[in-house]
Amino acid sequence: MIFILILWLILILAGLSINKVGRQPLSLSQTSALRGICAIEIMIGHIGLATGSLALYPNRKAGILFVGVFFILSGYGVAYSADHKINYMKHFLVNRTVKILLPAYVTKSIMLITANELLDFIGGGYCAG
């Protein structure tokens, strides 16, 4: 766990730039990079929980921190965009539905088809046989 956190700290420090006068402290590129790091850590935590991997499973406690940071940065981005873009909230739900639910349903469909073909997965559970 310490190794993973040290690795992320090194990557974050390597990506820092000196803040020049007039630049926004939480720019789109900075928040996107931080959200990407958080998303990767959240995925690693979920994989560790699902597989029981000793290398990934200790990461579960750090995952709580990364989920919180991810939500804070996402909320900041929505608030900033709503304040600075004209009619941003007008199509917000439609845009988010397409960006989030469409890939989720495609992924779930692929998973169900693959599980059905490879693991004898039927409906809501595995076959006993």
Asks: I110: which residues meet the side chain to side chain contact (heavy atoms under 4.5 Å, CB included) condition with it, sequence neighbours left out?
Replies: V106, T114
Asks: Write down the atom of C38, the atom of V69, and the distance for their closest heavy-atom approach.
Replies: SG-CG1, 3.6 Å
Asks: When rounded to the nearest 0.5 angstrom, what is the spacing between CG in N95 and CE in M89?
Replies: 10.5 Å
Asks: For Y105, what are the other residues in its hydrophobic cluster, where any two members join if their side-chain heavy atoms are less than 4.5 angstrom apart?
Replies: L101
Asks: If the condition is ring pair (Phe, Tyr, Trp, His ring centres under 6.0 Å), which residues does H91 pass it with, not counting sequence neighbours?
Replies: none
Asks: At what distance, to the nearest 0.5 angstrom, does CZ of F66 lie from CD1 of I44?
Replies: 9.0 Å
Asks: Among all residues two or more places apart in sequence or in another chain, which pass the ring pair (Phe, Tyr, Trp, His ring centres under 6.0 Å) test with Y88?
Replies: F92
Asks: Can you name the side chain to side chain contact (heavy atoms under 4.5 Å, CB included) partners of K108, sequence neighbours left out?
Replies: M111, L112
Asks: Can you check whether V78 reaches R96 side chain to side chain, under 4.5 Å on heavy atoms?
Replies: yes
Asks: How long is the gap from OG on S81 to CD1 on I86, to the nearest 0.5 Å?
Replies: 13.0 Å
Asks: When rounded to the nearest 0.5 angstrom, what distance separates CD1 in I37 from CZ in F70?
Replies: 12.5 Å
Asks: As an exercise, state the distance from CD1 of I42 to CG of L65, rounded to the nearest 0.5 Å.
Replies: 9.5 Å
Asks: List, by chain and number, the other hydrophobic cluster members for I100, where Ile, Leu, Val, Met, Phe, Trp and Tyr join if side-chain heavy atoms come within less than 4.5 Å, directly or indirectly.
Replies: none
Asks: Would V94 and K99 satisfy side-chain contact (heavy atoms from CB on, under 4.5 Å), going step by step from the backbone distance to the final call?
Replies: CA-CA 9 Å; V94 173; K99 284 183 178 179; over 6 Å; no
